[in-house]
Amino acid sequence: ENSASKYVQIIKTAAKQLKQIVASLLSATKTWNDLLCDVNLNEVIKSELSLLDIDNSHDKSIELNLQLENLPTIQGVPIHFHQIFGNLISNAIASMRQSPKKILTIKTFSNKDQIEISVADTGCGIPDSLKKKIFEPLFSTKKSDYSSEEGGGTGLGLSFCHSIINSYGGKISVNSVVDKGSSFEIH
């Protein structure tokens, strides 16, 4: 029992340190003004999709439904958007591993002065009880490839997406039905 509480304390300390590291990385983005440039979000999405095409670890039976309208460019740091869409697309693909019908739908459109983006899948979905937690640092619903236990993800991807999107004045939300799929909406 004594050694168990020791390990619990070690894990708590490591989690706290990791949370501080993530916070410092996110705050560093505030000093990246030199890297600001016009970013074409449709091109970022296409680039991330092309990277996944050459990654043999992903299932090639996924139907891709792209509906990309012309968008205005936005001022930003390109790597932020590559990380956001890389995370969302990779998560969508991972959620469809066991799905009989695998469809990844990505839509972009501009509504007045606002850009709207949707990344949707026909994957396993997210239970209502977990929807509020998915944007928290260190929380993951992914199962490890090597175990049936939860914890295969780092729990940093969606937290990073949420923080970066908020730093640009945007919002990210999720609609999800278990065994039907999820849709992440950015506006």
Side-chain angles (χ1 to χ4, degrees), residues 39-71 74 78-111 114-166 168 170-187:
V39 179
N40 180 324
L41 295 177
N42 286 337
E43 291 304 316
V44 171
I45 291 167
K46 289 176 190 174
S47 172
E48 289 303 312
L49 287 168
S50 72
L51 289 174
L52 291 170
D53 278 344
I54 58 172
D55 182 348
N56 292 326
S57 69
H58 287 96
D59 191 334
K60 300 300 182 198
S61 66
I62 295 172
E63 179 185 327
L64 181 60
N65 179 9
L66 276 182
Q67 299 174 29
L68 308 179
E69 290 186 9
N70 284 334
L71 297 178
I74 62 169
I79 192 66
H80 290 164
F81 299 100
H82 282 277
Q83 289 177 311
I84 289 166
F85 293 113
N87 278 322
L88 292 176
I89 293 167
S90 292
N91 285 353
I93 290 169
S95 78
M96 293 188 286
R97 268 193 201 130
Q98 305 300 321
S99 298
K101 185 150 178 96
K102 301 172 184 178
I103 303 171
L104 172 63
T105 302
I106 302 174
K107 298 178 184 178
T108 66
F109 60 95
S110 181
N111 186 3
Q114 191 168 345
I115 291 175
E116 308 267 341
I117 300 169
S118 170
V119 178
D121 62 66
T122 56
C124 59
I126 303 165
D128 287 340
S129 62
L130 300 181
K131 285 181 190 172
K132 290 186 181 198
K133 295 180 180 182
I134 62 170
F135 296 112
E136 293 176 8
L138 307 177
F139 180 80
S140 178
T141 61
K142 288 184 182 177
K143 294 185 187 299
S144 169
D145 287 338
Y146 306 105
S147 152
S148 62
E149 299 291 318
E150 287 190 10
T154 61
L156 298 176
L158 288 177
S159 173
F160 179 84
C161 291
H162 185 263
S163 296
I164 293 298
I165 290 166
N166 283 346
Y168 283 94
K171 299 282 183 219
I172 183 170
S173 60
V174 63
N175 294 307
S176 188
V177 176
V178 174
D179 296 330
K180 297 287 183 193
S182 300
S183 177
F184 285 84
E185 313 291 331
I186 301 171
H187 39 270

Query raised in the report: Do the side chains of Ile115 and Thr108 get nearer than 4.5 Å, heavy atoms only?
Result: no
Query raised in the report: Are any non-hydrogen side-chain atoms of Leu49 and Leu66 less than 4.5 angstrom apart?
Result: yes
Query raised in the report: If you measure from CZ on Phe85 to CG on Asn42, what distance do you get to the nearest 0.5 Å?
Result: 8.5 Å
Query raised in the report: Rounded to the nearest 0.5 Å, how far apart are CD1 of Ile74 and OG of Ser110?
Result: 11.0 Å
Report task. Assess whether side-chain contact (heavy atoms from CB on, under 4.5 Å) is satisfied between Leu68 and Ile106, documenting all intermediate values. Result -> CA-CA 7 Å; Leu68 308 179; Ile106 302 174; 4.3 Å; yes
Requested in this report: Could you please spell out the steps behind the side-chain contact (heavy atoms from CB on, under 4.5 Å) verdict for Glu185 and Val174?
Outcome: CA-CA 6 Å; Glu185 313 291 331; Val174 63; over 6 Å; no
Report task. Would you sort out whether Ser183 and Ser118 count as a side-chain hydrogen bond (donor to acceptor under 3.5 Å, both in side chains), showing the intermediate values? Result -> CA-CA 6 Å; Ser183 177; Ser118 170; 3.2 Å; yes
Query raised in the report: How long is the span from the CD1 atom in Ile45 to the CD1 atom in Ile89, to the nearest 0.5 Å?
Result: 6.5 Å
Report task. Nearest 0.5 Å please: distance from the CG atom of Leu158 over to the CZ atom of Phe184. Result -> 5.0 Å
Report task. Decide yes or no on side-chain contact (heavy atoms from CB on, under 4.5 Å) for His82 and Ser47, but give the supporting numbers first. Result -> CA-CA 8 Å; His82 282 277; Ser47 172; 3.5 Å; yes
Requested in this report: Could you check if a side-chain atom of Cys124 sits within less than 4.5 angstrom of a side-chain atom of Arg97, using non-hydrogen atoms only?
Outcome: no
Query raised in the report: Looking at side-chain heavy atoms only, is the closest gap between Leu64 and Ile62 below 4.5 Å?
Result: no
Requested in this report: Compare every heavy atom of Ser99 with every heavy atom of Ser95, then report the nearest pair and how far apart it is.
Outcome: O-OG, 4.0 Å
Query raised in the report: When rounded to the nearest 0.5 angstrom, what is the spacing between NE2 in His162 and CZ in Phe160?
Result: 13.0 Å
Query raised in the report: Quick check: are there more than 12 heavy atoms from other residues, nucleotides or ligands sitting under 6.0 Å from CG of Asn70?
Result: no
Query - Donor-acceptor pair, side chain of Thr105 and main chain of Ala120, under 3.5 angstrom - result: no
Query - Side-chain touch Ser176/Lys131, heavy atoms, less than 4.5 angstrom - result: yes
Query raised in the report: If you take all heavy atoms of Ser61 and Lys102, which pair is closest and at what distance?
Result: OG-CD, 3.6 Å
Report task. Of all the heavy-atom pairs spanning Ser173 and His187, show the shortest one and how long it is. Result -> OG-CE1, 3.9 Å
Query raised in the report: So which heavy atom on Leu71 is nearest to which on Phe109, and how close?
Result: CD2-C, 3.5 Å
Query raised in the report: Is the CD atom of Gln67 crowded by more than 12 outside heavy atoms at less than 6.0 Å?
Result: yes
Query - Point-to-point distance, once rounded to the nearest 0.5 Å, from CD1 of Ile126 to NZ of Lys133 - result: 13.0 Å
Query raised in the report: Do Ile84 and Ile172 pass the side-chain contact (heavy atoms from CB on, under 4.5 Å) test, and can you show the C-alpha distance, the side-chain angles, and the key distance before you say yes or no?
Result: CA-CA 11 Å; Ile84 289 166; Ile172 183 170; 5.9 Å; no
Query raised in the report: Can you say whether the rings of Tyr168 and His80 are parallel (under 30°), tilted (30 to 60°) or perpendicular (over 60°)?
Result: perpendicular
Query raised in the report: In terms of heavy-atom contacts, does NZ of Lys107 have more than 12 from other residues, nucleotides or ligands at under 6.0 Å?
Result: no
Query raised in the report: Is there side-chain contact between Ile186 and Glu116, with at least one heavy-atom pair below 4.5 Å?
Result: no
Query raised in the report: Does any N or O in the side chain of Asp121 come within less than 3.5 Å of the main-chain N or O of Ser182, such that one atom is a donor and the other an acceptor?
Result: yes
